[in-house]
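Input: a single structure, listed below in structure tokens.
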Protein chains: 2
Amino acid sequence: MTAGADDERIALLRFVERFALTLREAGLAPMPARVLAYALADDADRYTAGDLARGLGVSPAAISGAVRYLVQVGFFVREREPGTRSDLYVLDDEDLWSRFVSAEMTSLDRFVQEIDRGIAALGVDRPGGRRLAETRDFMAFLRAEMADVIARWPAERNRLAAGRTEAAPAG
Amino acid sequence: MTAGADDERIALLRFVERFALTLREAGLAPMPARVLAYALADDADRYTAGDLARGLGVSPAAISGAVRYLVQVGFFVREREPGTRSDLYVLDDEDLWSRFVSAEMTSLDRFVQEIDRGIAALGVDRPGGRRLAETRDFMAFLRAEMADVIARWPAERNRLAAGRTEAAPAG
DNA sequence: AACACTGTTCACAAGTTCGTGAAAGATGCG
DNA sequence: CGCATCTTTCACGAACTTGTGAACAGTGTT
């Protein structure tokens with residue numbers, strides 16, 4: 001059965017690479033993307049930096065920067081067991097993906113801000129100015145709507161979970 | 001007044017660079033970002049490749065790839081005036097930013113798809129599998145909600161426009 | 001039919017990003 | 001107090017990206 005475990009690890013790493021690619025397209029750097037994908041898909045609920053390095057087969061140095069970023073952005077929470085010399089990284093399960101969208105919202109805020117500056121400098125009473133103003137309005141609209149959507153997620157999540165537990169043991 | 005026109009051009013290019021930076025953070029490549037920012041902020045409603053090259057002060061070669069990308073993604077529409085030897089690039093004004101979000105939705109679709117593959121390969125009946133399943137659900141939820149949001153934009157846009165024309169001449 | 005003008009393709013140089021290995025820095029243990 | 005273990009920092013090499021200049025191709029004009 002050792003070969004089976006190896007196969008599973010290979011399958012896991014294959015998925016990690018694929019999913020990391022998707023995360024990169026969404027804006028993450030390569031190594032943070034891999035680490036996040038690995039921490040999501042593997043079964044542990046907390047990882048040391050060494051776990052991640054060995055699990056992914058990359059150098060500890062590469063992990064260091066990646067986890068710093070992931071903690072800063074809010075995907076990971078850093079923990080420390082007393083009498084232990086390594087930090088533990090835990091997926092911030094509850095609102096992991098809400099944070100993901102929150103980052104997008106920050107980006108939208110930046111859009112609005114930059115365009116406002118542009119309009120102030122260039123004037124709104126020209127074709128270009130009107131296009132900028134409309135772009136601004138769209139970004140502001142989108143930002144507000146996204147906030148609503150995020151707020152609705154916990155309820156939807158519970159609804160889905162309820163549906164699953166209902167179907168599985170009863171049906 | 002020639003100095004004034006120069007100043008305006010400098011201010012415009014300054015804005016273009018700033019805004020392009022924001023667009024790059026949202027995933028666009030540098031040159032497409034500049035071209036899009038320039039086409040939005042300047043006053044013409046259609047541009048030849050030469051216009052864009054001269055306006056931005058970059059080589060025609062750089063424009064070529066940028067407009068091809070922008071047309072492909074749907075930001076620009078290519079037009080041709082009969083008896084003319086250059087294509088005209090027009091901002092696809094109406095649903096310019098809806099397209100922008102549609103691209104995001106495609107990206108979300110890809111998320112769902114990749115995770116489904118992962119779950120199929122790795123199994124859902126483990127901690128990692130459950131995390132993947134929840135991630136999948138969130139992405140699917142977000143995708144559906146985004147579609148709603150886009151659908152609401154035209155109405156909101158009209159509402160905003162009505163508010164403005166009401167306030168300006170009447171008030 | 002040759003020309004003038006516009007846009008595209010290609011190879012290259014400059015700059016940037018990425019991950020590694022080696023060295024240094026913490027921190028608990030004997 | 002020194003050791004062992006784990007992590008972080010740093011400099012480097014490889015790979016990739018970006019924009020340019022030059023040659024090429026297409027198209028209307030003379």
Side-chain angles (χ1 to χ4, degrees), chain A residues 13 16-39 44 46-73 75-90, chain B residues 13 16-39 44 46-73 75-90:
Chain A
L13 288 183
V16 164
E17 277 309 319
R18 292 190 63 95
F19 190 47
L21 221 62
T22 309
L23 286 167
R24 289 175 63 179
E25 280 179 17
L28 264 67
M31 198 54 81
R34 278 193 275 266
V35 170
L36 177 57
Y38 178 80
R46 55 200 60 217
Y47 303 85
T48 67
D51 293 338
L52 297 169
R54 279 185 300 277
L56 283 166
V58 301
S59 74
I63 299 295
S64 183
V67 294
R68 179 155 19 109
Y69 172 80
L70 290 169
V71 166
Q72 194 203 328
V73 178
F75 283 118
F76 278 3
V77 174
R78 211 191 297 262
E79 288 187 357
R80 191 62 166 267
E81 212 66 34
T84 286
R85 87 200 79 180
S86 47
D87 287 332
L88 292 172
Y89 299 99
V90 185
Chain B
L13 288 183
V16 164
E17 278 307 321
R18 293 191 62 96
F19 190 48
L21 222 61
T22 309
L23 286 167
R24 287 175 63 179
E25 282 180 15
L28 264 67
M31 197 54 82
R34 280 194 273 269
V35 170
L36 177 57
Y38 179 81
R46 56 199 62 216
Y47 302 85
T48 66
D51 292 339
L52 297 169
R54 279 185 300 276
L56 283 166
V58 300
S59 74
I63 299 295
S64 182
V67 294
R68 180 157 17 112
Y69 171 79
L70 290 169
V71 167
Q72 194 203 328
V73 178
F75 283 117
F76 279 2
V77 173
R78 211 190 296 263
E79 288 187 356
R80 192 62 167 266
E81 212 66 36
T84 286
R85 87 198 83 180
S86 47
D87 286 332
L88 292 170
Y89 299 99
V90 186

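Note on naming: letters A, B, ... go to the chains in the order of the sequence lines (proteins, then strands), and numbering restarts at 1 for each one.
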Q. Can you give one letter per nucleotide of nucleotides 20-30 of chain C, 5' to 3': B if a protein heavy atom sits under 4.0 Å from the base, S if only from the sugar-phosphate, - if neither?
A. BB------S--
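Side chain of A/R34 to backbone of A/Y38: no donor-acceptor contact under 3.5 angstrom is found. A/R68 places no side-chain N or O within 3.5 Å of a backbone atom of A/Q72 that could act as its donor or acceptor partner.
In this entry the distance linking CG of A/L21 with P of D/dC16 reads 13 Å, nearest Å. Here the P atom of nucleotide D/dT8 and the CG atom of A/D87 are 7 Å apart, to the nearest Å. At whole-Å resolution of the value, CG in A/D51 and P in D/dC6 are 10 Å apart. Rounded to a whole Å, the CZ atom of B/R34 is 5 Å from the P atom of D/dG19. If you take CG of A/L56 and C1' of C/dG19, they are 13 Å apart, rounded to a whole angstrom. Rounding to whole angstrom units, CZ of residue B/R54 and C1' of D/dT20 are separated by 18 Å. Atom CZ of A/R78 and atom P of D/dT7 are 11 Å apart (whole Å). Whole-Å rounding puts the B/Y69 OH to C/dT8 C1' distance at 20 Å.
Within the 4.5 Å cutoff, the side chain of A/V77 has no heavy atoms near those of the A/V71 side chain. In this structure, B/Y47 and B/L88 have side chains that are not in contact, with every pair of non-hydrogen atoms separated by 4.5 Å or more. A 4.5 Å side-chain heavy-atom check between B/D87 and B/Y89 finds at least one atom pair inside the cut-off. Within the 4.5 Å cutoff, the side chain of A/F76 has heavy atoms near those of the A/V67 side chain.
For D/dC6, the OP1/OP2 oxygens have no side-chain nitrogen or oxygen of A/S86 closer than 4.0 Å.
Rounding to the nearest 0.5 Å places CG of B/D51 at 11.5 Å from CZ of B/R46.
The A/Y89 side chain lies nearest to D/dT8 when the options are C/dT8, D/dG19, D/dT8. You'll find that the side chain of A/P30 is closest to C/dG19, out of C/dG19, C/dT9, D/dT8.
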